[in-house]
Amino acid sequence: MPKFWLMKSEPDVYSVKDLAAEKTKTTHWDGVRNYAARNHMRAMAVGDRVLYYHSNCKPAHVAGTAKVVREAYPDFTAWDKSDKHYDAKSPQDNPRWDMVDIKLEQVFDLPVTIDDIKATKSLAKMVLLNNTRLSVQPVTKSEFDTILKLASQLAKKGK
DNA sequence: GCCAACGTTGGC
DNA sequence: GCCAACGTTGGC
């Protein structure tokens with residue numbers, strides 16, 4: 001049974017379009033420097049499903065879906081002094097931070113906005129709405145399915 | 001650009 | 001081990 005997750009990215013930094021532009025439609029999810037988020041990545045398995053969320057834009061929204069294609073391994077950007085996310089406390093012989101690889105699955109025709117999510121009663125318990133700062137978070141199967149349903153309804157309506 | 005929420009750091 | 005200060009995230 002796959003598990004379900006939501007991963008946030010600022011579209012100015014790395015958007016779903018950037019992911020779509022990769023030759024393999026795959027990227028490594030570097031730069032997570034928060035223990036709770038890291039632990040969620042460590043709990044991921046190949047085949048798990050991911051909601052790709054664009055934060056820090058208006059309106060914030062789920063832009064599409066992706067799949068985990070490589071399980072947690074050390075985030076090498078923590079070793080690069082020139083990288084924004086360099087961390088001296090994560091040495092090569094004892095890495096503190098991990099990342100996973102994800103592959104793009106689907107880009108929604110129309111984004112599912114945070115307002116759409118707030119307007120949907122069955123999504124009221126999403127971590128997204130209750131622990132707003134967590135950048136990698138678990139999602140239930142029914143929440144995941146509901147978001148997909150919303151996406152196809154919005155696409156049909158042409159909103 | 002503001003500010004609330006929250007995670008991390010560091011002094012004690 | 002507590003907690004105040006500080007920095008960052010992220011919605012508005």
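We name chains A, B, ... by the order of the sequence lines, and we start the count at 1 in each one.
Sequence order on DNA chain B of the closest nucleotides to A/R96 and A/N130 puts A/N130 first from the 5' end. Position along DNA chain B of the nearest nucleotide to A/R33 versus A/N56 favours A/N56 as the more 5'-ward residue.
Residues that satisfy the ring-ring contact (aromatic ring centres under 6.0 Å, His included) test with A/H61, not counting sequence neighbours, are A/H54. With sequence neighbours excluded, no residue forms a ring-ring contact (aromatic ring centres under 6.0 Å, His included) with A/Y53. The ring-ring contact (aromatic ring centres under 6.0 Å, His included) search around A/F144 returns A/F4, not counting sequence neighbours. Considering only residues two or more places apart in sequence or on other chains, A/N131 meets the side-chain hydrogen bond (donor to acceptor under 3.5 Å, both in side chains) condition with none of them. Every residue two or more places apart in sequence or in another chain that forms a ring-ring contact (aromatic ring centres under 6.0 Å, His included) with A/H28 is listed here: A/F76.
Taking atom CG of residue A/L128 and atom P of nucleotide C/dG11, one finds them 7 Å apart after rounding to whole Å. Here the P atom of nucleotide C/dT9 and the NE2 atom of A/H85 are 8 Å apart, to the nearest Å. Here C/dT9 presents its C1' atom at 18 Å from OH of A/Y35, a figure rounded to the nearest Å. In this structure, A/L129 atom CG and B/dA4 atom P are separated by 20 Å, rounded to whole Å. Between the NZ atom of A/K58 and the P atom of C/dC12 there is a distance of 12 Å, given to the nearest Å. Taking atom NZ of residue A/K84 and atom C1' of nucleotide C/dT9, one finds them 11 Å apart after rounding to whole Å. What separates CD1 of A/I114 from P of C/dT9 is a distance of 17 Å, to the nearest Å.
Looking only at distances, no side-chain donor or acceptor of A/Q92 sits under 3.5 Å from a matching main-chain atom of A/W79.
Aromatic ring centroids of A/Y14 and A/W29 lie 6.0 Å or more apart.
For the OP1/OP2 pair of C/dT9 and a distance below 4.0 Å, the side-chain nitrogens and oxygens of A/K8 include no atom meeting the criterion. For the pair A/Y53 and C/dG11, the criterion of a side-chain N or O lying under 4.0 Å from OP1 or OP2 is met.
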Which atom pairs link the protein and nucleotides 6-8 of chain C when you take only N or O atoms and keep those under 3.5 Å?
residue, atom, partner, partner atom, Å
C/dT8, O2, A/R133, NH1, 3.3
C/dT8, O2, A/R133, NH2, 3.0

